Amino acid sequence: MRMSKLVGRRIKETPRDATTPSHIYLIRGGYVRPVSAGIYSLLPLGKRIVSKIEAIIREEMDAIQGQEVLMPVVLPSELWEESGRFESVGDELLRFKDRNDKQMLLGMTHEEAVVQLARTELNSYKQLPAMMYQIQTKYRDEARPRAGLIRVREFTMKDAYSFHESQECLEEYYSDCHEAYVRIFNRLGFREVLSIKSDAGMMGGNVAHEFMAIADCGEDTIFVNEDGSYKANREIAKSSLAYETDSPHIELEKKYTPDLKSIEEVTSFLNAKPENSAKAVFYKSGDDVVFAVIRGDFELNEIKLKNLLGVNEIEFATDEDITAIGSVPGFASLKDITLNNVKIVMDPSARYSPNLIVGANEADYHFVNFNFERDLSKEIQDATIIADIVNARAGDPDPEFGKPLILKKGIEVGNIFQLGTKYSGAMNAIFLDQNGKSNPMIMGCYGIGVGRSMAAIVEQCHDDWGPVWPISIAPYQLQINALNLNKTGVKEVAENLYKAFLTEGIEVLYDDRNEKAGFQFKDADLIGIPYRIIVSPKTIAENQVEFKKRDGSVKEMLSISEVVTKLSTQIKEELKKA
RNA sequence: CGGGGUAUAGCGCAGUCUGGCUAGCGCGGCUGCUUUGGGAGCAGUAGGUCGCAGGUUCGAAUCCUGCUACCCCGACCA
C-alpha cells in the first residue's frame with residue numbers, strides 16, 4: 001500500500017475526548033473514527049488489524065472442532081421470551097418494533113438464536129458434542145460507553161456455543177476451549193492475560209472464567225498473589241486473616257458515644273482502630289431485613305451477599321425497616337434484636353475477632369469488648385450465617401497459599417461459561433440419548449471481544465509515540481520510508497524494494513510521499529508497523545538501507561542486495577511462530 | 001440514572017464574565033518557491049447555520065429560557 005493513497009489521516013494533536021492510550025492512539029493513528037457514543041467506524045488500518053485478529057480466532061476455533069455459522073443481529077422477541085431474558089435483561093437490550101408492530105430486538109449475545117438452530121439440527125447423541133461459533137456484530141445499549149473501544153455499544157464479538165450429552169463431556173470441552181483461548185491470546189501478542197474464575201452473572205450456570213488483559217485503564221479489579229498461584233476477581237476474591245481467637249475476653253462495657261455513628265467517629269472517640277470494631281449494614285430482600293455484620297476495617301461485597309442469599313436484587317434498608325426488627329440505626333447491635341423476618345449474616349472477620357466495639361442498640365451508646373459466643377443468645381447465634389461477605393484487600397494473605405494479595409486492573413477480553421441446561425431446558429432443545437430417552441442438551445458458551453482485544457493490545461503494547469503492534473496482527477508487516485524522493489536513485493531503490501517485498505508475499509506500507517524525515521518517522525511510529533526500512537541518499541550511497549524494528553530492539557544497516565531475502569525470511573519465521 | 005464538564009473552520013483552542021465594526025489563532029488542506037534523518041520556511045488561497053430552537057436588545061458567539069449531542073466520575077454492566 002502506498003501511504004499517499006491510504007485513507008485515514010494521522011492526527012498530531014490528542015483529541016479532547018480521548019483519555020486512555022488505546023483511545024488516543026487508535027484515533028490519532030487513523031485506525032478508527034467515532035460515529036456516536038460508543039459506536040465506531042473502522043478505517044483501513046483498523047479493519048486490517050481486526051481481520052487478522054478474527055483469522056487467528058477462526059483457526060483456533062476450527063482446531064477445536066468449531067463450525068462457523070452466522071446468526072442475525074436483529075431477532076424477534078419471541079425467542080427471548082422463551083428463555084425469559086426478554087423480561088429479565090434490563091435496558092442494555094435494545095428493543096424496538098418493526099413496521100408491522102412486531103416486537104424485535106438487537107442481539108447482545110446469541111444463546112437463544114443458537115439454541116433455535118440446535119434444537120432443529122441436533123437431535124441425537126450421535127451428533128454430539130457439537131460447537132457452533134460466529135464472529136458477528138453485537139449491540140448493547142450501554143448506559144455509559146467509555147474509554148474508546150474498551151466499552152462500546154456496538155461491537156464485534158466471537159461467540160461460540162457447545163452442546164453436550166453429559167456434564168463430563170462439557171467439562172472436557174470447556175477445558176479444551178480454555179486452552180484454545182490461552183493460545184489465541186498468546187498468538188494475538190498480548191503481554192499478560194490472566195484467566196480468572198468468575199461469577200456467572202446474568203448468563204446463569206456454574207463454572208465460568210474471565211480472561212483479563214492486565215492494563216491500568218481496566219474496569220475490573222483482579223486479585224493475584226505474588227507468583228500468580230492465586231487469582232480471582234473482586235466478586236469472589238477472598239483474603240484469609242488470622243484472628244486472635246485465643247485472646248482473653250475482656251468484660252463487656254457500655255460507653256456513651258453521643259451522636260457518633262460512623263466507624264471512623266466511634267473508634268477515634270474511643271481511641272481504638274477500625275479493626276477493633278464491627279459494623280452493621282442493613283439490606284432489604286423481599287420481606288426480610290438482612291442484618292449483615294462485618295469488621296469495621298472491611299467493605300461489604302454486595303455480590304457475595306446476593307449470591308449467598310440466592311437473590312438477584314437487594315436494596316438498602318430504611319431506618320423504619322431497621323427499627324422494625326428492634327434495632328437502632330447508627331447504633332445497631334445483634335444483641336436483643338427480634339428474629340422475625342431477619343436474616344443475619346456475619347463475616348468471619350467480625351465473628352472471630354475478639355473484644356469488638358459494636359452498637360448497643362440504644363441511641364448514643366456502644367458496647368466495647370463484644371464477643372460473639374459470650375454476648376449473644378443461643379437463638380441469635382444459631383440464626384447467624386457465618387460467611388465471607390467482604391471485599392478482599394491488597395496486602396492481605398490469599399486464602400490458598402497465604403501470600404499477600406496484589407490488586408491489578410484488567411480488561412475483560414474473553415469469557416467462558418459452563419451454562420448447563422439453562423437455555424436448552426427453557427427452550428426445549430432436547431436430544432435422544434442411547435436409551436432413546438429425551439434430555440436437554442448441556443451447553444457451554446465462549447466469547448471474545450474482537451475490537452476490545454485490539455484496544456487492549458494497544459494498552460499493553462505502546463510507547464510514547466504510538467502502538468507497537470505484534471507482528472501477528474500488525475496492519476502491515478513492513479514499512480518503507482523513502483527520504484528525499486527527488487534525489488537521484490532514492491525513488492528507484494524504494495520502488496524496487498517495495499515491489500520485491502510484495503513479490504515475496506510481505507505486506508508492505510510504502511511511504512511514497514515527499515515528506516521530511518521527521519514527519520515520516522512520527523507517522524510511522526503512530527502506525528506501529530514492526531519492521532521498518534529507510535531509504536535515503538545517504539544509505540544508497542553505500543548501497544545500503546537502514547533497518548529498524550518498531551520496538552527499538554534492532555537498528556542496523558543492510559545492503560540493498562540482501563535486504564529483501566533477509567527480512568522476508570525473518571518476517572515469515574516470526575509469523576510462523578505466532 | 002445521579003454528579004461534573006464541554007459544544008466556535010477537518011483537528012486543537014482563544015473570544016463569552018463586562019453584548020458593539022468584517023469572529024480570531026495554531027495545526028491540517030490547496031498553489032508556488034525554498035528545504036529534506038525525528039512533525040520545516042516564505043508567499044498566496046480556500047474553509048464558519050459560533051450545537052439546536054425560542055426570547056431580550058438598535059445590535060447576541062457573548063445575556064435569558066428550553067432542548068440536543070459528546071466526554072469524565074459514580075451507579076449499572078453476558
Side-chain angles (χ1 to χ4, degrees), chain A residues 8-20 23-24 27-28 30 33-39 80 83 85 88-93 107-112 114 138-148 150-153 155 157-161 198-205 208-210 217 219-220 233-235 302-303 312-313 315-316 411-412 414-417 419 422-423 444-449 452 464-466 481-487 490 511 513-526 532-539 545-546 548 555 557:
Chain A
R9 67 169 75 245
R10 267 71 53 210
I11 297 170
K12 195 189 288 189
E13 284 161 300
T14 297
R16 181 181 24 179
D17 292 343
T19 50
T20 62
H23 194 188
I24 292 169
I27 298 287
R28 284 194 52 207
R33 290 289 178 253
V35 175
S36 182
I39 299 181
W80 281 56
S83 71
R85 284 207 296 183
S88 68
V89 176
D91 288 338
E92 61 266 35
L93 177 64
M108 49 194 285
T109 171
H110 280 77
E111 281 75 18
E112 287 81 1
V114 80
K138 307 274 187 254
Y139 186 87
R140 278 182 208 174
D141 217 16
E142 293 285 351
R144 179 152 104 81
R146 69 187 85 182
I150 304 289
R151 183 158 215 86
V152 290
R153 294 193 292 172
F155 56 101
M157 178 173 175
K158 186 284 298 177
D159 48 326
Y161 308 88
S198 65
D199 183 67
M202 93 169 190
M203 295 297 295
H209 286 81
E210 290 167 347
C217 76
E219 301 179 273
D220 300 299
N233 64 12
R234 186 179 283 285
E235 284 73 53
E302 285 191 13
I303 294 176
N312 288 323
E313 287 302 323
E315 56 194 60
F316 283 116
I411 301 164
E412 186 181 351
N415 52 30
I416 57 178
F417 297 88
L419 285 180
K422 174 172 173 172
Y423 296 91
C445 78
Y446 319 90
I448 293 179
R452 183 182 273 191
D464 291 344
W465 299 275
N481 288 106
L483 307 182
N484 302 311
L485 268 176
N486 51 359
K487 291 278 164 63
V490 174
D511 196 339
R513 302 166 304 173
N514 192 17
E515 294 287 353
K516 292 190 61 163
F519 186 90
Q520 286 198 22
F521 293 163
K522 293 287 186 196
D523 254 9
D525 290 340
L526 266 176
R532 183 186 308 175
I533 59 177
I534 299 150
V535 183
S536 75
K538 264 195 279 179
T539 68
V545 297
E546 181 178 336
K548 278 165 105 171
K555 180 176 177 179
M557 303 300 291

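Note on naming: letters A, B, ... go to the chains in the order of the sequence lines (proteins, then strands), and numbering restarts at 1 for each one. Remember, predicted model here, so these are calculated numbers, not experimental data.
- Within the shown strands, B/U34 is the pairing partner of B/A40 under the Watson-Crick or G-U definition, both distances less than 3.5 Å.
- For B/U57 and B/U62, the C1' atoms lie 13 Å apart once the distance is rounded to whole Å.
- Residues satisfying the side-chain hydrogen bond (donor to acceptor under 3.5 Å, both in side chains) criterion with A/E515, sequence neighbours excluded, are absent altogether.
- Among the protein residues, A/E546 comes within range of the nucleic acid bases, having at least one heavy atom under 4.0 Å from a base atom.
- Every residue two or more places apart in sequence or in another chain was checked for a salt bridge (charged side-chain N to carboxylate O under 4.0 Å, His left out) with A/R452, and none qualifies.
- Residue-level contact check: A/R33 touches neither bases nor backbone, having no heavy atom under 4.0 Å from any strand.
- Across all strands shown, A/Y139 has no heavy atoms under 4.0 Å from either base or sugar-phosphate atoms.
- Nucleotides B/G41 and B/C17 place their C1' atoms 40 Å apart, quoted to the nearest Å.
- B/U35 and B/A40 are spaced 7 Å apart, taking the C1' atom of each and rounding to whole Å.
- Counting any heavy atom pair closer than 4.0 Å across all strands shown, A/N415 reaches a base atom.
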Between protein and nucleic acid, restricted to nucleotides 42-51 of chain B and to nitrogen or oxygen atoms under 3.5 Å apart, what atom pairs and distances do you find?
none

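- In this entry B/U18 has no Watson-Crick or G-U wobble partner, no candidate having both defining distances under 3.5 Å.
- Comparing the C1' positions of B/A23 and B/C13 gives a spacing of 14 Å, expressed to the nearest Å.
- Considering only residues two or more places apart in sequence or on other chains, A/D159 meets the salt bridge (charged side-chain N to carboxylate O under 4.0 Å, His left out) condition with A/K138.
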Q: Would you mind building the protein contact string for nucleotides 67-73 of chain B? One character per nucleotide, 5' to 3', B for base within reach (heavy atoms under 4.0 Å), S for sugar-phosphate only, - for untouched.
A: ---SSBB

Enumerate the protein-to-nucleotides 31-35 of chain B contacts in which both atoms are nitrogen or oxygen and the separation is below 3.5 Å.
none

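- Taking every heavy atom of both residues into account, A/P145 and A/G38 meet most closely at CB-CA, 3.6 Å.
- With sequence neighbours left out, the salt bridge (charged side-chain N to carboxylate O under 4.0 Å, His left out) criterion links A/D141 to A/R153.
- With sequence neighbours excluded, the residues satisfying side-chain hydrogen bond (donor to acceptor under 3.5 Å, both in side chains) with A/R10 are A/D523.
- Across all strands shown, A/K538 has heavy atoms under 4.0 Å from base atoms, whether or not it also approaches the sugar-phosphate.
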Detail all sub-3.5 Å separations between protein N/O atoms and N/O atoms belonging to nucleotides 26-30 of chain B.
residue, atom, partner, partner atom, Å
B/G26, N2, A/E13, OE1, 3.0
B/G28, O2', A/R9, NH1, 3.0

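- Contacts of A/T20 classified as side chain to side chain contact (heavy atoms under 4.5 Å, CB included), with partners at least two apart in sequence or in another chain: A/S22, A/H23, A/A147, A/C217, A/E459.
- The side-chain hydrogen bond (donor to acceptor under 3.5 Å, both in side chains) search around A/E142 returns A/R151, not counting sequence neighbours.
- Remark: A/S83 engages A/E112 in a side-chain hydrogen bond (donor to acceptor under 3.5 Å, both in side chains) (not counting sequence neighbours).
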